[in-house]
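Take a look at the structure set out below.
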Amino acid sequence: MAVGWARDGSVQDQIDASVGDAVKLARQRLPEGESLTHCEECEEAIPEARQKALPGVRLCVSCQSELEKNQETTSAFNRRGSKDSQLK
Ligand SMILES: [Zn+2]
């Protein structure tokens, strides 16, 4: 039941303890590969400057901020997030 995320000094432990989650998070937060020229969500063009600034970027500014809003919501209401990760 305890939330297993000790934030100070045990990053490696976290990674070892929940590789699946860590990989998932890393993929979301540090996109890899090519930037998309158009947003994955709304197909709006992504400015080249944004593509360069964020390698592997897949969303336009507005979809990205929507997504980040949703992620904040998810961690504020921790239930959904932890339920998901415990299922795996
Ligand atoms: Zn978009």
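Only heavy atoms go into these numbers, but all of them, side chains included; no hydrogens, no water, no symmetry mates. Counting starts at 1 for both ligands and their atoms, in listed order.
- Note that the CD atom of E43 and the OG1 atom of T37 stand 10.0 Å from one another [nearest 0.5 Å].
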Pairs of donor and acceptor atoms involving the side chains of residues 48-56, under 3.5 Å and at least two apart or interchain, shall be tabulated with distances.
unit_1	atom_1	unit_2	atom_2	d
E48	OE2	K52	NZ	3.4
R50	NE	L59	O	3.1
R50	NH2	L59	O	3.0
Q51	NE2	I46	O	2.8

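- Listed by chain and residue number, nothing satisfies the salt bridge (Lys or Arg N to Asp or Glu O under 4.0 Å) test with E68 (two or more places apart in sequence, or in another chain).
- We find the CD-CZ distance between E34 and R58 to be 11.0 Å, quoted to the nearest 0.5 Å.
- Around the Zn ion (ligand 1), the protein atoms of type N, O or S found under 2.8 Å away are C39 SG, C42 SG, C60 SG, C63 SG, listed by chain and number.
- Checked for salt-bridge contact, K69 and E72 miss the test: no charged N lies under 4.0 Å from a carboxylate O.
- Here E41 pairs with nothing under the salt bridge (Lys or Arg N to Asp or Glu O under 4.0 Å) rule; sequence neighbours left out.
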